[in-house]
Asker: 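Below is the structure I would like to discuss, written out as structure tokens.
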Amino acid sequence: MRLIIFNIVLIFAILSCKNKRKVSVDKLNLKFKEEGKLWIINSQKDTLSSFIIEIANSEFERAKGLMNRKKLNEDEAMLFIFEKEENQNFWMKKTYIPLDLIFIDKNYKIVHISKDNIPLSLENIASKYPSKYVLEIYGGMAEKLKITKGMTVKWKEIEKKLK
């Protein structure tokens, strides 16, 4: 009798798991979420430009990035924060917005810029040097704002309020 009850419970458990829908990373289409502000500073210590940033610092957020988004304003950017400094690799799969990728080392110095990356491309976009941070901005903005290798960045996250 115990065996029959166990098997029935097991069958119900398996069937209930089968019907649950999994949400994949590429199906999420979130709007831009302001989480801080970032400044790009030239060698004369002048602020060259600033961006409102959304931060991707978890494995899930980094995998999702800007996938499926149709809009990114010129003053908005996504800042990827990695656990360790190493060569980073990106692609534009399911990314509809042209992007410039700015690779930043652990000392907040820009070490490489990949400009005007093509939406929906499967081509690998790799940092030429180890980086701990990557800033994604609207395609063409690095050129327009004259952002170059060797400049530094700083940012401030918005303090999260407890509700």
Side-chain angles (χ1 to χ4, degrees), residues 23-121 123-163:
V23 177
S24 66
V25 169
D26 61 337
K27 297 292 182 198
L28 294 175
N29 186 3
L30 302 173
K31 292 186 179 185
F32 188 85
K33 183 170 76 173
E34 183 177 342
E35 296 180 304
K37 187 151 182 148
L38 179 139
W39 298 269
I40 298 181
I41 302 158
N42 66 18
S43 59
Q44 289 79 35
K45 307 284 190 238
D46 298 321
T47 300
L48 187 65
S49 57
S50 64
F51 295 93
I52 298 164
I53 56 171
E54 180 173 342
I55 298 171
N57 61 358
S58 72
E59 187 176 333
F60 177 77
E61 290 168 333
R62 288 189 300 266
K64 179 178 46 115
L66 292 170
M67 289 170 92
N68 292 320
R69 300 204 192 172
K70 306 285 182 177
K71 180 182 175 205
L72 182 70
N73 293 328
E74 289 186 352
D75 66 338
E76 296 173 335
M78 179 168 277
L79 178 67
F80 293 78
I81 301 174
F82 294 91
E83 285 83 25
K84 58 184 179 176
E85 183 179 56
E86 61 188 355
N87 286 6
Q88 307 296 343
N89 293 285
F90 284 72
W91 65 354
M92 298 289 289
K93 181 179 181 181
K94 297 183 183 176
T95 304
Y96 295 92
I97 307 162
L99 296 173
D100 291 343
L101 276 69
I102 301 172
F103 297 90
I104 305 158
D105 70 11
K106 65 182 178 185
N107 298 313
Y108 311 106
K109 184 184 230 181
I110 297 173
V111 294
H112 177 67
I113 302 173
S114 178
K115 297 178 182 176
D116 293 313
N117 294 286
I118 300 166
L120 306 174
S121 171
E123 183 178 330
N124 184 45
I125 304 163
S127 58
K128 290 188 177 179
Y129 303 97
S131 56
K132 183 166 172 52
Y133 313 97
V134 178
L135 183 68
E136 290 184 341
I137 62 176
Y138 193 83
M141 291 304 294
E143 186 76 30
K144 181 178 178 178
L145 298 171
K146 298 178 177 29
I147 299 169
T148 60
K149 181 179 167 183
M151 292 181 173
T152 57
V153 299
K154 68 177 184 175
W155 66 86
K156 179 176 169 88
E157 295 179 35
I158 295 173
E159 293 182 29
K160 296 178 175 59
K161 296 178 182 177
L162 297 175
K163 293 185 178 184

Asker: Test side-chain contact (heavy atoms from CB on, under 4.5 Å) on I110 and V153; report intermediate values, then the result.
Answerer: CA-CA 7 Å; I110 297 173; V153 299; 4.3 Å; yes
Asker: Rounded to the nearest 0.5 Å, what's the gap from CG on L99 to CG on N117? Could you check?
Answerer: 7.0 Å
Asker: Among all residues two or more places apart in sequence or in another chain, which pass the side chain to side chain donor-acceptor pair (under 3.5 Å) test with T95?
Answerer: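 Partners of T95 under the side chain to side chain donor-acceptor pair (under 3.5 Å) test: none.
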Asker: What residues, two or more places apart in sequence or in another chain, satisfy salt bridge (Lys or Arg N to Asp or Glu O under 4.0 Å) together with E61?
Answerer: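 Listed in chain order: nothing, the list is empty.
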Asker: CD1 of I40 to CD1 of I147: how many Å apart, nearest 0.5 Å?
Answerer: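 If I round to the nearest 0.5 Å, the distance is 3.5 Å.
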Asker: Measure the spacing between CD of E74 and CD1 of I52 and express it to the nearest 0.5 Å.
Answerer: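 So the gap between those two atoms works out to 12.5 Å.
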Asker: For residues P119 and P98, report the shortest heavy-atom separation together with the two atoms involved.
Answerer: CG-N, 3.6 Å
Asker: Check M92 against I97 and note the closest heavy-atom contact, atom names and distance.
Answerer: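 Heavy-atom minimum between the residues: CE-O, 3.2 Å.
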Asker: Within this structure, what is the CD-CG distance for the pair E143 and D116, rounded to the nearest 0.5 Å?
Answerer: 8.0 Å
Asker: Would you sort out whether R69 and F32 count as a side-chain contact (heavy atoms from CB on, under 4.5 Å), showing the intermediate values?
Answerer: CA-CA 9 Å; R69 300 204 192 172; F32 188 85; 4.3 Å; yes
Asker: Keeping the roles fixed (side chain from S127, backbone from Q88), state whether a donor-acceptor pair exists under 3.5 Å.
Answerer: yes
Asker: Got a sec, which residues hit salt bridge (Lys or Arg N to Asp or Glu O under 4.0 Å) with K33, two or more places apart in sequence or on another chain?
Answerer: E35
Asker: For the residue pair A142 and I137, what are the closest heavy atoms and their distance?
Answerer: N-CD1, 3.7 Å
Asker: Which residues pass the side-chain contact (heavy atoms from CB on, under 4.5 Å) test with K71, not counting sequence neighbours?
Answerer: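 side-chain contact (heavy atoms from CB on, under 4.5 Å) check on K71 returns N73.
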Asker: Who pairs with E34 by side chain to side chain donor-acceptor pair (under 3.5 Å), at least two apart in sequence or on another chain?
Answerer: none
Asker: Over all heavy atoms of both residues, which pair between I53 and I55 is shortest? Give the atoms and the distance, please.
Answerer: CD1-CG1, 4.0 Å
Asker: Testing the basics here: between S114 and I125, what is the closest heavy-atom pair and its distance to 0.1 Å?
Answerer: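 Nearest pair, atom of S114 first, then I125: OG-CG2, 3.4 Å.
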Asker: Partners of N107 by side-chain contact (heavy atoms from CB on, under 4.5 Å), sequence neighbours excluded?
Answerer: D105
Asker: Just verifying a value: how many Å separate F90 CZ and L66 CG, rounded to the nearest 0.5 Å?
Answerer: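 F90 CZ to L66 CG: 10.0 Å, rounded to 0.5 Å.
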Asker: I'd like to know whether K156 forms a side-chain contact (heavy atoms from CB on, under 4.5 Å) with W39, so could you lay out the CA-CA distance, the side-chain angles of the two residues, the decisive distance to 0.1 Å, and finally the verdict.
Answerer: CA-CA 9 Å; K156 179 176 169 88; W39 298 269; 4.2 Å; yes
Asker: List, one per line, each side-chain donor-acceptor pair under 3.5 Å for residues 129-136, sequence neighbours excluded.
Answerer:
from	atom 1	to	atom 2	distance (Å)
K132	NZ	F82	O	2.7
K132	NZ	E83	O	3.0

Asker: For F51, what residues pass the ring pair (Phe, Tyr, Trp, His ring centres under 6.0 Å) criterion, not counting sequence neighbours?
Answerer: none
Asker: Any chance you could measure N57, atom CG, to E157, atom CD, to the nearest 0.5 Å?
Answerer: 7.0 Å
Asker: Could you work out, with salt bridge (Lys or Arg N to Asp or Glu O under 4.0 Å) as the rule, every residue matching K149, not counting sequence neighbours?
Answerer: none
Asker: In chain order, what residues pass the side chain to side chain donor-acceptor pair (under 3.5 Å) check against D100, with sequence neighbours excluded?
Answerer: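 In terms of side chain to side chain donor-acceptor pair (under 3.5 Å), with neighbours along the sequence ignored, D100 is linked to no residue.
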Asker: What residues, two or more places apart in sequence or in another chain, satisfy side-chain contact (heavy atoms from CB on, under 4.5 Å) together with E123?
Answerer: S121
Asker: My understanding is that only residues two or more places apart in sequence, or in another chain, count here; which of them pass side-chain contact (heavy atoms from CB on, under 4.5 Å) with K146?
Answerer: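 Once residues adjacent in sequence are excluded, K146 has no partner under the side-chain contact (heavy atoms from CB on, under 4.5 Å) criterion.
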Asker: Assess whether side-chain contact (heavy atoms from CB on, under 4.5 Å) is satisfied between F80 and L101, documenting all intermediate values.
Answerer: CA-CA 10 Å; F80 293 78; L101 276 69; over 6 Å; no
